Amino acid sequence: MKDYYWAWLTTRIFESQSVTAIVLFYRCRLFGNQVFDDGDLERLIDTVPAPSALSWKLINEMSGAIENPEPDYASLYSGNVARDYKTPDYFTDYKRSLLPPIHDIHAETLEGRGVRGFRRQWAYEVECLYEREGIDARYPYAHYFIDRASPTRVSIFDLPQSEVFRSAYLRALAWAFNNGYIDKPQMIFHALSFCPVEFCSWQAGTTKKPGFWPVLPANEDDIDRTPEHVFQLIYDSLSSEVDGTILGFASAPVSVCFDKQANVESFYDLTIHALFQKNIERNGEIEPEEVADQLRRLRSAHNKSLSTTLAGPLTQVDINDHAITSAGSVFVPVVLSLRADPIARWQSKQMYRGIRIAAPYIAEQQPLLLAQESRLHVKCEDTILSETVYWDFDQLDFWPADLPPGLGVCTTVSKDRIEKFCEEHNVSLCWLVQLNFYMKNAENDTYLEESFYKFYGLSQIILPD
């Protein structure tokens with residue numbers, strides 16, 4: 001295997017391809033397969049075919065005591081672009097098609113912060129790479145990334161020309177740093193967005209579907225009773241605990257129905273949030289849709305470290321920043337989504353569902369995130385505060401782009417810690433369940449979406465401070 005790897009490495013001609021090769025090397029090291037030893041790592045350091053700030057950062061994170069010299073950044077780009085250089089129309093037309101639009105948005109942000117000419121340099125690097133490798137620019141549909149029927153959902157494609165645009169961006173970052181327009185942390189931060197994975201959550205492989213997830217009986221009449229069955233099954237599962245844990249969050253498909261042509265006709269997707277609740281006053285009826293809408297707009301937690309892995313100490317977050325209100329009641333989620341700086345395009349389904357962790361504010365001590373046995377654990381010393389698993393929904397061979405992905409996530413939280421938190425803060429625990437229904441009448445129609453909501457365990461008692 002090693003011989004094949006080293007031979008393959010020599011064929012990697014672009015910076016982004018070198019990053020891919022290092023990621024695969026890194027994965028073998030993470031899983032301890034004894035494929036590559038320290039001698040191989042030293043060889044990799046010496047033979048990266050197209051180095052960049054990102055490749056240096058990746059190797060630096062696994063090199064430990066092995067010396068990994070910093071690159072000469074002046075050699076990592078094609079020189080300064082000429083003053084009379086005109087950005088090609090091809091670049092302008094396709095920079096948001098051959099890459100996710102977020103990268104051009106980042107470039108625009110850099111220019112707004114004083115890095116004048118960053119996109120001109122990026123375009124110039126694209127041209128230089130095309131010319132160096134004798135590649136002809138091909139003209140795909142300019143907006144194939146975006147499904148016009150549902151512009152909020154984006155599909156990520158790895159096309160050969162995308163490698164050119166990614167590599168040119170990394171080269172433009174080296175240009176900006178070497179000319180003093182950005183500092184090293186800024187360069188690394190923007191380079192990390194081209195790492196195809198977040199290494200901690202990447203180790204969380206898929207497992208079996210949890211036993212509590214709804215399994216629906218076959219419909220025996222023309223009336224769709226899915227919401228009724230789902231809400232009853234969820235009630236039965238939420239009223240019990242498993243191994244001293246309580247469900248903190250779950251999100252996954254529930255069922256799919258096909259028309260006579262085997263196209264997806266209707267689809268149900270379920271999300272469950274555990275919430276701490278405190279009734280300050282009674283001011284009308286609590287609206288589950290209002291609470292769900294505020295939950296969607298909550299900011300993710302963010303580990304503010306320039307790293308390709310979220311493993312390690314979790315940054316504390318202010319509980320007040322995650323409080324939402326409805327009709328005189330305050331709700332705070334038990335589980336938060338953790339944001340990664342790598343966009344992690346290889347994990348697009350997982351990132352859609354979220355890297356879910358027990359909210360750091362419920363921990364008594366400094367919580368740590370780590371991957372163990374294909375699961376994500378948040379631990380306080382030797383105690384597991386939460387466990388997150390992912391599973392595949394395997395009822396479809398081809399997944400429609402305008403439906404939520406066929407992946408499930410479930411986070412369970414220590415029952416003991418939740419009970420202590422409720423006692424310490426004089427709050428109660430409830431769950432908000434949201435069932436999303438997608439349906440279309442004809443193959444070429446867009447999916448119509450409708451949502452059903454239900455609270456479980458909602459308290460009506462006004463609790464004193």
Side-chain angles (χ1 to χ4, degrees), residues 9 12-31 36 41 44-45 48-64 68 70-71 73 76 98-107 109-110 122 125 154-160 162-174 176-177 182 184-205 300 302-312 337-352 354-355 369-371 376:
L9 182 64
R12 307 296 88 193
I13 58 176
F14 297 124
E15 284 77 1
S16 61
Q17 292 178 328
S18 291
V19 166
T20 300
I22 295 168
V23 165
L24 297 178
F25 188 101
Y26 198 169
R27 184 173 177 87
C28 290
R29 300 270 291 189
L30 279 173
F31 280 86
F36 296 115
L41 180 55
L44 179 65
I45 290 171
V48 174
S52 64
L54 180 54
S55 63
W56 174 78
K57 178 64 176 175
L58 280 166
I59 292 176
N60 215 38
E61 290 192 351
M62 60 176 162
S63 60
N68 177 32
E70 197 163 355
Y73 291 101
L76 301 187
L98 293 170
L99 291 185
I102 187 62
H103 296 299
D104 186 48
I105 294 171
H106 285 172
T109 301
L110 282 171
W122 180 18
E125 296 293 348
V154 178
S155 298
I156 306 301
F157 295 86
D158 278 45
L159 298 181
S162 297
E163 301 288 3
V164 174
F165 274 68
R166 286 191 196 100
S167 300
Y169 200 110
L170 290 170
R171 294 167 72 89
L173 287 173
F177 172 70
I182 57 176
K184 188 178 296 182
Q186 288 175 305
M187 175 178 64
I188 296 298
F189 173 79
H190 287 281
L192 282 174
S193 67
F194 290 93
C195 186
V197 299
E198 187 286 307
F199 280 100
C200 182
S201 56
W202 198 31
Q203 296 175 69
S300 302
H302 182 210
N303 260 16
K304 299 177 181 178
S305 59
L306 294 175
S307 173
T308 58
T309 178
L310 292 170
S337 179
L338 187 60
R339 179 164 66 85
D341 285 326
I343 292 174
R345 65 184 184 275
W346 291 359
Q347 298 170 256
S348 57
K349 292 194 296 183
Q350 192 178 27
M351 293 300 165
Y352 179 95
I355 303 172
L369 175 66
L370 65 159
L376 296 181

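This structure is a prediction, so every number in the text was calculated from the model and none was measured.
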For the pair [X] (side chain) and [Y] (backbone), establish whether a donor and an acceptor sit closer than 3.5 Å, ignoring hydrogens and angles.
X: W122; Y: F165; value: yes
X: K57; Y: L306; value: yes
X: S55; Y: P51; value: no
X: Q347; Y: Q350; value: no
X: N68; Y: W56; value: yes
X: S162; Y: L99; value: no

Report yes if some heavy atom in the side chain of [X] is under 4.5 Å from a heavy atom in the side chain of [Y]; otherwise report no.
X: L310; Y: F199; result: no
X: S193; Y: I102; result: no
X: L58; Y: C195; result: yes
X: L173; Y: L110; result: yes
X: P71; Y: Y73; result: yes
X: I13; Y: P49; result: no
X: V164; Y: E125; result: no
X: I22; Y: M62; result: yes

Donor + acceptor pair across side chains of S16, S167 (<3.5 Å):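 Short answer, yes.
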
Donor-acceptor pair between T20 and Q17 side chains, under 3.5 angstrom: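 T20 vs Q17: no donor-acceptor pair found between side chains.
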
Stepwise side chain to side chain contact (heavy atoms under 4.5 Å, CB included) test for V19 and S52: CA-CA 8 Å; V19 166; S52 64; 4.3 Å; yes

Audit row: L9, L44, side chain to side chain contact (heavy atoms under 4.5 Å, CB included) steps and yes/no: CA-CA 9 Å; L9 182 64; L44 179 65; 4.0 Å; yes

Interatomic distance, [X] atom [atom1] to [Y] atom [atom2] [nearest 0.5 angstrom]:
X: L98; Y: D104; atom1: CG; atom2: CG; value: 12.0 Å
X: F14; Y: L170; atom1: CZ; atom2: CG; value: 12.5 Å
X: R339; Y: E198; atom1: CZ; atom2: CD; value: 12.5 Å

Work out which heavy atom in [X] is nearest to a heavy atom in [Y]; give both atom names and the distance.
X: S337; Y: G354; answer: OG-CA, 3.9 Å
X: L376; Y: C200; answer: CD2-O, 3.6 Å
X: A21; Y: R12; answer: CB-CG, 4.3 Å
X: M351; Y: I355; answer: CE-CD1, 3.6 Å

Worked verdict on T308 versus E61 for side-chain hydrogen bond (donor to acceptor under 3.5 Å, both in side chains): CA-CA 8 Å; T308 58; E61 290 192 351; 2.4 Å; yes

Aromatic plane relationship, F189 with H106 - under 30° parallel, 30 to 60° tilted, over 60° perpendicular: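 The rings of H106 and F189 sit tilted, inter-plane angle from 30° to 60°.
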
Aromatic plane relationship, F194 with H103 - under 30° parallel, 30 to 60° tilted, over 60° perpendicular: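 H103 vs F194 ring planes: parallel.
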
Carboxylate-amine/guanidinium proximity below 4.0 Å for R171 and E15: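 Yes, R171 and E15 are salt-bridged.
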
Pair E70 + K184, salt bridge at N-O below 4.0 Å: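 Looking at E70 and K184, the cut-off is met.
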
From CA spacing to verdict: side chain to side chain contact (heavy atoms under 4.5 Å, CB included), V197, Y26: CA-CA 11 Å; V197 299; Y26 198 169; over 6 Å; no

